[in-house]
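Labels below follow one simple rule: chain letters A, B, ... track the order of the sequence lines, proteins then strands, and each chain is numbered from 1. Here the structure is a predicted model, which is why all the values come from computation and not from measurement.
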Amino acid sequence: MKPVIIIQGPTAVGKSSLALEIAQKFKLEIISADSRQVYKYMDLATAKPTKKEQDLVKHHLIDIITPDQAYNAGRFAREASELVDHTQLEFPIICGGTGFYISAFLEGLCKIPDIEDNVRESLVKDWNNLGNESMYQLLVDIDPLVAQKVSDKDKQRIIRGLEVFYSTNKKLSDYWAEQGMLETRKILNILILDEREEIYSRINKRYDEMVKSGLLDEIRELLRMGYDSESPGLSAVGYKELLPFIIQDAKLKDCIELAKQHSRNYAKRQLTWYKRNYFNLVFFRKSINYNTIDTYIKHFIENY
RNA sequence: GGCGGGAUAGCUCAGUUGGUAGAGCAGAGGCCUGAAAAGCCUUGUGUCCCCAGUUCAAGUCUGGGUCUUGCCA
């Protein structure tokens, strides 16, 4: 297992630019750990690195699927491991805000085969017809251990528990029990933080800039290509909120406010997530010490 | 000017026949084993616009005022 440098932080703290700087200085490549930058044609509101930036530094796991396709943590873990361990890449920087993807990559997920789309689809249909109570009861009957850990209103996890059983004929809790420890990878894990107020105001400002630089046209183009509110990619914050303005007659100002609000909610969830992880280096945005980072990276690279 | 709606938590609003208030969203905190920019959990003392009156008791009824909004002129 090759060592990796990881840069994480809530949305809009400036992870990408730090990663870009480090990558250039040490001639490294970047693997994006971002559940929305994987989508082609969605550039602006995903804050995807620009063409120029991608010319300066090679980025991976960006623009790999179309908005009608779904992506998930398992696929990320697999594809990131493939890149890190089975290519010529040396000391790649994994940079992104999807903390669960990075955990999946580092710690591994239990080995569950891919679930066919139609299994989940029919369960979602059942959920809509029967309601959460009977679906939860079904999970209690099938896999009480999982049911115990899940709220009776948690649609995603109830369906997950059921789809694993129906698709593989084996309980999700059995997969959990079988899961072994993954070999620990050497990492230099860096976290960038900021004051809550500061993060929120940067989110607000950045979204206004995205709209100004043509976000509405980008979304109209996506619709023209045949993607719609049902497309997995378009569930992204910053996109879904503008659809009521483009398709119906919602006020643009209200849609923009909602998009900003959801981004702030997202940033808050990210901050909670990071509390569970260990980081080698933690910096506040305004006081990033580049000398310290350089020293750590040099040391890290030289010792592995 | 005439007629009618409104005025209740930061915002949008519920409040049944009078018994001193409650939802959603926001905010705050948390959870997270293939949807994670997702999903879920916990958390609600606020001059119920103001002043009088009726009543044991008024957000709720009566009168007056203030502000707001719609329709007609």
Would you mind checking if [Y] and [X] are paired as a salt bridge, meaning a charged N to carboxylate O distance below 4.0 Å?
X         : Y         : answer
Glu221(A) : Arg224(A) : yes
Lys52(A)  : Asp55(A)  : no
Lys48(A)  : Asp34(A)  : no
Glu209(A) : Arg206(A) : no

Once side chain to side chain contact (heavy atoms under 4.5 Å, CB included) is applied, do any residues pair with [X], and if so which ones, sequence neighbours excluded?
X         : answer
Leu271(A) : Pro10(A), Leu193(A), Arg196(A), Ile199(A)
Ala104(A) : Ala73(A), Ala77(A), Leu109(A)
Leu44(A)  : Ser213(A), Leu215(A), Glu218(A)
Glu90(A)  : none

> Thr66(A): what forms a side-chain hydrogen bond (donor to acceptor under 3.5 Å, both in side chains) with it, not counting sequence neighbours?
Replying inline: Asp68(A), Gln69(A)
What's the spacing between [X] [atom1] and [Y] [atom2] if we round to 0.5 Å?
X         : Y         : atom1 : atom2 : result
Asn204(A) : Ile256(A) : CG    : CD1   : 11.0 Å
Cys255(A) : Gln248(A) : SG    : CD    : 9.0 Å
Cys95(A)  : His59(A)  : SG    : NE2   : 7.5 Å

Within this structure, what is the [atom1]-to-[atom2] distance between [X] and [N], rounded to whole angstrom?
X         : N      : atom1 : atom2 : answer
Arg157(A) : A35(B) : CZ    : C1'   : 10 Å
Leu162(A) : U33(B) : CG    : P     : 15 Å
Asn72(A)  : A37(B) : CG    : P     : 13 Å
Asn277(A) : U33(B) : CG    : P     : 14 Å
Gln179(A) : U33(B) : CD    : C1'   : 6 Å
Lys155(A) : A35(B) : NZ    : C1'   : 10 Å
Ile219(A) : A37(B) : CD1   : C1'   : 14 Å

Among [range], which contact RNA chain B at a heavy-atom distance under 4.0 Å?
range                       : answer
residues 34-51 of chain A   : Asp34(A), Ser35(A), Arg36(A), Ala45(A), Thr46(A)
residues 96-106 of chain A  : Gly97(A), Thr98(A), Phe100(A), Tyr101(A)
residues 137-146 of chain A : none
residues 121-133 of chain A : none

> Counting a pair only when it is Watson-Crick or G-U and both distances are under 3.5 Å, which runs of at least 3 such pairs involve RNA chain B?
Replying inline: B:1-7 with B:66-72, B:10-13 with B:22-25, B:27-31 with B:39-43, B:49-53 with B:61-65
So, OP1 or OP2 of [N]: does either fall under 4.0 Å of a side-chain N or O from [X]?
X         : N      : result
Arg269(A) : A38(B) : yes
Arg276(A) : G30(B) : no
Ser235(A) : A38(B) : no

Please produce a list of atom pairs where a protein N or O lies less than 3.5 Å from an N or O of nucleotides 26-29 of chain B.
unit_1: A26(B); atom_1: OP1; unit_2: Asn265(A); atom_2: OD1; d: 3.1
unit_1: G27(B); atom_1: OP2; unit_2: Asn265(A); atom_2: ND2; d: 2.7
unit_1: A28(B); atom_1: OP1; unit_2: Arg196(A); atom_2: NH1; d: 3.1
unit_1: A28(B); atom_1: OP2; unit_2: Tyr200(A); atom_2: OH; d: 3.2
unit_1: G29(B); atom_1: OP2; unit_2: Arg196(A); atom_2: NH1; d: 3.0
unit_1: G29(B); atom_1: OP2; unit_2: Arg196(A); atom_2: NH2; d: 3.1
unit_1: G29(B); atom_1: N7; unit_2: Lys268(A); atom_2: NZ; d: 2.9

Please name the pair of heavy atoms, one in [X] and one in [Y], separated by the smallest distance, quoted to 0.1 Å.
X         : Y         : answer
Met135(A) : Ile158(A) : O-CG2, 3.8 Å
Ile7(A)   : Ile192(A) : CG2-CG1, 4.3 Å
Pro67(A)  : Tyr227(A) : CD-CZ, 3.7 Å

>> Applying a 4.0 Å non-hydrogen cut-off, can you work out what Tyr71(A) is touching in the nucleic acid: base, sugar-phosphate, or nothing?
In response: sugar-phosphate
> So which pairs with a foot in residues 19-31 of chain A pass side chain to side chain donor-acceptor pair (under 3.5 Å), sequence neighbours left out?
Replying inline: Lys25(A)-Asp294(A), Glu29(A)-His60(A)
> Which is it for Glu79(A) and Tyr71(A) under the side-chain hydrogen bond (donor to acceptor under 3.5 Å, both in side chains) test, yes or no, and what are the steps along the way?
Replying inline: CA-CA 11 Å; Glu79(A) 290 173 8; Tyr71(A) 198 73; 2.8 Å; yes
> In whole Å, what separates the P atom of G4(B) from that of U43(B)?
Replying inline: 45 Å
>> Please classify G46(B) as syn or anti, treating any glycosidic angle within 90° of 0 as syn.
In response: anti
>> Let me spell it out: for each of Asp154(A) and Leu258(A), pick the nucleotide of RNA chain B with the closest heavy atom. Which residue's pick is nearer the 5' end?
In response: Leu258(A)
> Can the positive tip of Arg269(A) be found less than 6.0 Å from the middle of the six-membered ring of Trp273(A), inside 45° of the ring normal?
Replying inline: no
> In this structure, are over 12 heavy atoms from other groups packed under 6.0 Å from Lys205(A) atom NZ?
Replying inline: no
